[in-house]
Amino acid sequence: MFNFRYRMRYILSGFVAACLAFDVMASQLSVPITYISNRVEPSYAINDLLVRPENAGIAGAELGIADSNTTGKFLDQRFVFLSIDLAKQKNSKINWSEILPAPTLLLVDLDTETLFELLAYNSGLVAPHLIINVSAHSNVLRQTICSEYVFHTAPSYAQITDALGQWLLVKRLDNIFLIDGDTPQDTEWLESFKRTAKRYKLTISTEKKWSFNSDLRRTVGQEIPLFTQTARPYDVVVVADTHQRFGQYIPFNTYYPRPVVGSAGLVANTWHPSIEQWGAKQLQHRFMTLHDRYMQHHDYDSYVAIRAIAYAVQQTTSIDPSVLSSFLRGDKFQLAAYKGRKLTFRNYNGQLRMPIELTHPLGLVSRSPQVGFMHPLSELDTLGFDKSEVCQ
Amino acid sequence: MRPSILFRPSTKGLLLAIVLTTGFISTLSASTELAYVTNEKDNSISVVELDTFTVIRTIPVGDRPRGFIFNHDQSLAYICASDSDRIQILDVATDKIVGELPSGEDPETIALHPNGTTIYTANEDDALLTVIDIPTAQVISQIDVGVEPEGLAVSPDGSKLVVTSETTNMVHWIDTATNTNYANSLVGARPRSAVFTQDNQQLWVSSEIGGQVTVFNVADQSVKHEITFAVKGIHKDRVQPVGIVLMKSKPLAFVALGPSNHVAVIDTNTMQVLEYLLVGRRVWQLAFNQDESLLLTTNGISGDISIIDTDKLKTIKSVKVGRYPWGISVKYL
């Protein structure tokens with residue numbers, strides 16, 4: 001009941017704001033933001049405990065809109081949220097110009113292939129859309145797409161693996177047993193981790209592909225020790241299993257009693273329900289009130305994207321994608337996003353600079369960049385790609 | 001007449017009671033100034049004696065205590081028990097919670113009107129400012145403000161109230177006579193504290209993520225100065241202004257700079273930063289003692305308070321208190 005009451009309040013206040021906007025405020029700036037997704041069911045069997053909530057990502061955008069409208073009412077700005085689910089469109093070929101007739105502000109939650117299609121379409125437009133990628137982690141996107149209209153609030157795999165690599169180095173866990181989950185995304189993750197290992201001089205002493213020829217539910221206690229047995233001990237097991245098919249069985253079952261990091265055990269991402277510093281507790285409260293569940297990293301990435309647009313609109317009083325894009329990449333952009341320091345976009349590839357949280361399932365362990373990792377511009381640039389690695 | 005056997009032990013008991021009570025009262029009405037510090041994660045208040053610099057008492061209070069102020073004669077204190085959704089009233093003579101005020105949800109900071117009977121609190125979760133009448137313990141009004149309202153200040157003449165909203169990046173100006181919001185000013189990202197000058201002419205506002213302090217002309221809400229900071233050896237992103245105090249006896253302002261672990265000293269005539277004083281980790285709120293010879297800082301992460309000698313501009317001592325010390329006020333002699 002409690003939560004329902006508050007949910008209603010949010011919805012009603014939005015409704016009242018909308019009515020007011022319609023009636024009296026002719027000078028009001030209306031800011032439509034569109035969320036495009038194509039939620040394709042993965043072909044892999046996923047542990048029930050790890051299935052993404054139905055509204056993952058979009059839920060964060062909704063909270064971002066509510067927050068932005070609370071601010072907007074003092075500035076005569078009204079943020080309107082629209083969503084398009086491409087998975088519901090049966091046509092195999094997407095007609096982008098039909099879906100997006102006018103220049104718009106977009107949050108995209110798409111698979112890499114569709115996203116590249118959209119980016120290619122966008123780069124051919126005279127008046128392109130502003131695109132913020134809120135879900136794809138692909139490194140290729142960050143290294144090869146340098147359109148000034150494209151931004152990423154989702155972290156790259158490189159930011160994630162660098163965050164882990166710094167922690168491993170600080171903990172002196174530099175002899176690694178690496179497990180490859182053998183899906184295309186796992187391969188991408190693994191490539192990224194190998195780049196990190198090279199940067200930080202971490203030794204991958206063993207690398208093995210996981211093969212699904214046993215029933216883990218019954219024999220996990222026998223299978224994993226055998227799989228992770230080596231002649232000489234390693235310091236840590238790193239698992240690349242982005243689809244969560246087997247990684248959760250690795251901790252506590254390794255041949256040597258060693259920590260597990262990567263996609264199971266200690267994981268690196270932008271957000272976790274246990275984060276409460278730097279005002280995060282308030283954000284977690286608001287999210288829980290609105291959606292009746294904990295805020296996950298997908299939600300955070302979308303929330304931050306909306307807040308970034310809203311801040312740019314607040315400062316420029318424009319909704320023109322080109323004006324907003326150049327503001328987002330500029331020096332004046334500064335986003336307070338519950339991370340204890342201002343977040344900005346890398347102007348060379350549109351990636352959001354941000355600290356990465358290292359968590360276990362129930363709590364925060366650490367946060368990267370770790371102390372002592374330096375960069376001439378910002379310590380946050382020790383995570384992910386630097387200018388010289390992009391669009392060369 | 002020989003007293004009855006029954007009477008004697010009770011006389012002793014009475015004497016004992018008198019001795020104990022006197023002892024008890026003498027510890028409470030201390031001969032020195034006392035700093036009251038709310039410990040956000042310990043649900044308690046640490047009371048620190050300012051001549052010996054030791055914690056002499058720890059008072060259990062409601063959940064997640066943050067904002068803390070005294071009433072004008074310092075007989076009572078008001079505490080924001082954020083997670084208990086109430087303002088608690090502490091009787092300073094007995095260290096007992098003697099009452100509560102309705103606060104709305106999640107009160108974070110409080111400010112008292114000069115009339116002594118109206119108290120304002122920012123409801124961080126609900127984007128509201130609540131106006132409370134103390135004698136009747138009634139909510140007079142709730143005013144819509146931006147997301148995560150935080151810093152509150154009432155002008156010394158009592159005519160104006162401002163509240164900052166952290167996620168909306170604004171200062172909301174409110175007329176205390178009508179409880180209406182008459183102006184809004186955008187400031188740097190994540191504004192925290194607001195303080196009026198004694199002459200009611202200026203308003204100082206800190207922006208934690210923006211890394212600056214904005215000084216407004218109160219009359220027309222125009223920006224008079226923007227003060228920025230540069231602490232040697234610390235990345236500018238970690239220089240995050242939070243608490244501000246303005247000295248009455250000298251033209252000096254002190255600004256707590258959060259995770260840079262420094263307090264900036266500003267000459268209010270020239271608006272130049274004179275010095276940066278090293279204090280504990282994640283310095284947050286600030287308070288003077290009565291004659292302003294000492295400045296106290298709460299340091300969230302190191303769980304202590306630092307004591308600054310304002311003549312020498314030197315940090316002279318740190319005192320361990322509870323976990324995440326947040327608010328601080330000094331009980332004068």
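Chain A is the first sequence line, chain B the second, and so forth, proteins listed ahead of strands; every chain is numbered from 1. FYI, side chains are in, hydrogens and waters are out, and symmetry mates aren't considered; it's all heavy atoms of this structure.
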Original post:
Where does B/Asp237 contact chain A at under 4.5 Å (heavy atoms): side chain, backbone, both or neither?
Top reply: both
**OP:** Could you look at A/Gln277 and say if it's the side chain, the backbone, both or neither that has a heavy atom under 4.5 Å from chain B?
**Re:** side chain
Subject >> Heavy-atom side-chain proximity of B/Asp83 to A/Lys281 below 4.5 angstrom >> reply: yes
**OP:** Please state whether the side chain, the backbone, both or neither of B/Asp144 comes within less than 4.5 Å of a heavy atom of chain A.
**Re:** both
**OP:** Find out whether B/Glu124 and A/Arg286 are in side-chain contact, i.e. whether some heavy atom of one side chain is under 4.5 Å from a heavy atom of the other.
**Re:** no
Original post:
So what's closer than 4.5 Å to chain B heavy atoms on A/Leu335: side chain, backbone, both or neither?
Top reply: backbone
**OP:** Nearest 0.5 Å please: distance from the CG atom of B/Asp125 over to the CD atom of A/Gln282.
**Re:** 6.0 Å
Original post:
Quick one: of A/Glu379, A/Gln334, A/Gln315, who has the most non-hydrogen atom pairs under 4.5 Å with chain B?
Top reply: A/Gln334
Original post:
What part of B/Arg192 lies closer than 4.5 angstrom to a heavy atom of chain A: side chain, backbone, both or neither?
Top reply: neither
**OP:** Kindly write out the residues that satisfy ring pair (Phe, Tyr, Trp, His ring centres under 6.0 Å) with B/Phe68, not counting sequence neighbours, or none if the list is empty.
**Re:** B/Tyr36, B/Phe70
**OP:** Mind listing the closest non-hydrogen atom pair of B/Ile209 and A/Ala336 along with its distance?
**Re:** CG1-CB, 3.6 Å
**OP:** Would you give the length of the straight line joining atom NE2 of B/His235 to atom CG of A/Leu380, rounded to the nearest 0.5 angstrom?
**Re:** 7.5 Å
Original post:
Is the shortest heavy-atom distance from the side chain of B/Gln240 to the side chain of A/Lys342 under 4.5 Å?
Top reply: no
Subject >> Straight-line distance of B/Glu105 CD to A/His285 NE2, nearest 0.5 Å >> reply: 9.0 Å
Original post:
Below 4.5 Å, heavy atoms only, C-beta onward: do A/Leu75 and B/Met170 meet side chain to side chain?
Top reply: yes
Subject >> Beyond-backbone contact of B/Asn169 with A/Thr71, side-chain heavy atoms, under 4.5 angstrom >> reply: no
Original post:
Is any side-chain heavy atom of B/Ser185 closer than 4.5 Å to a side-chain heavy atom of A/Phe74?
Top reply: no
Subject >> Crowding at CZ, A/Arg367 (>12 non-hydrogen neighbours, <6.0 Å) >> reply: yes
Original post:
Would you say B/Lys320 has more than 12 foreign heavy atoms packed within less than 6.0 Å of its NZ?
Top reply: yes
Subject >> Side-chain donor-acceptor pair present, A/Tyr338, B/Thr167, cut-off under 3.5 Å >> reply: yes
